[in-house]
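Heavy-atom basis, side chains included; hydrogens, waters and symmetry copies ignored.
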Amino acid sequence: MKYMMMMNTPAGTGDYQINNWSPDDFQAHMRFMHTFNKQLIDAGEMVACEGLTPPAQARLVRASKDGRPVTDGPFPETKEFLAGFWIIDVDSDARAYELAAAVSAAPGPGGAPLYMAVELRPVQAGDAAARSRVPALAGE
């Protein structure tokens, strides 16, 4: 079963609060993340993961009526933002919950767990069984 784990973090001033941490706290957090990622790789559960830039660098893009892109942003006033994500492939819902809880407790200042919100969503499967549960589009 594939899941996307999305780590959300308070935006503060539109930049990562981690940038204001002491070098030791920053390094401890990064060691945790690297160790967590290596454990996923070693277990064969990692599909992909990426960290994202802060909301100050985000843009919302839509097509205008003439089809050209219209952008808006940045969004530093956002209360929470997506800091990064993992795509994992695990054997059970319980394992996905276990991994999301583990990364939620990544260390912050002084080593205290951050308990960041981690949104966990199943990735839609592309197999025949999954497609049979999705109504066909007109013309299919």
Side-chain angles (χ1 to χ4, degrees):
M1 308 172 83
K2 287 186 183 173
Y3 287 87
M4 181 177 225
M5 292 192 311
M6 295 167 278
M7 179 177 284
N8 295 292
T9 186
T13 62
D15 202 353
Y16 288 117
Q17 292 178 352
I18 198 169
N19 292 339
N20 299 321
W21 292 0
S22 74
D24 288 343
D25 289 338
F26 177 81
Q27 288 301 319
H29 183 79
M30 296 312 296
R31 275 192 305 276
F32 173 91
M33 289 299 181
H34 287 285
T35 299
F36 181 79
N37 291 341
K38 184 172 180 344
Q39 290 170 342
L40 290 175
I41 292 166
D42 292 348
E45 296 172 324
M46 172 76 82
V47 175
C49 74
E50 297 290 340
L52 302 173
T53 62
Q57 297 177 26
R59 300 295 180 269
L60 180 64
V61 179
R62 293 186 186 155
S64 63
K65 290 183 181 181
D66 64 7
R68 293 184 172 191
V70 176
T71 62
D72 193 8
F75 303 100
E77 71 282 355
T78 304
K79 291 181 183 176
E80 287 189 340
F81 66 92
L82 183 61
F85 67 90
W86 293 260
I87 304 287
I88 56 172
D89 192 353
V90 295
D91 292 332
S92 67
D93 294 341
R95 177 65 177 153
Y97 301 150
E98 179 184 341
L99 292 171
V103 78
S104 169
L114 291 171
Y115 301 119
M116 292 178 283
V118 176
E119 182 178 349
L120 185 64
R121 293 178 60 183
V123 173
Q124 257 187 327
D127 63 354
R131 284 193 302 272
S132 70
R133 295 188 299 270
V134 178
L137 298 176
E140 286 188 354

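- Not counting sequence neighbours, S92 has no partner by the side-chain hydrogen bond (donor to acceptor under 3.5 Å, both in side chains) test.
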Donor-acceptor contacts under 3.5 Å from residues 35-43 side chains, at least two apart:
unit_1, atom_1, unit_2, atom_2, d
T35, OG1, R31, O, 2.9
N37, OD1, W86, NE1, 2.6
N37, ND2, M33, O, 3.4
K38, NZ, D42, OD1, 3.3
K38, NZ, D42, OD2, 2.8

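- No path of Ile, Leu, Val, Met, Phe, Trp and Tyr side chains, each step under 4.5 Å between heavy atoms, connects M6 with Y115, placing them in separate hydrophobic clusters.
- Between the side chains of D24 and S22, not a single donor N or O lies within less than 3.5 Å of an accepting N or O.
- Residues passing the side-chain contact (heavy atoms from CB on, under 4.5 Å) test with R62 are L60, sequence neighbours excluded.
- Sorted by first and then second residue, the pairs that involve residues 107-120 and meet salt bridge (Lys or Arg N to Asp or Glu O under 4.0 Å), not counting sequence neighbours, are E119-R121.
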Determine all donor-acceptor pairs shorter than 3.5 Å in which one atom belongs to a side chain in residues 94-114; sequence neighbours excluded.
unit_1, atom_1, unit_2, atom_2, d
R95, NE, E45, OE1, 3.4
R95, NE, E45, OE2, 2.9
R95, NH1, E98, OE2, 2.9
R95, NH2, E45, OE1, 2.9
S104, OG, M116, N, 3.4
S104, OG, M116, O, 2.7

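- Residues passing the side-chain hydrogen bond (donor to acceptor under 3.5 Å, both in side chains) test with D93 are Y3, sequence neighbours excluded.
- For V47, the side-chain contact (heavy atoms from CB on, under 4.5 Å) criterion is met by K2, I87, D89, not counting sequence neighbours.
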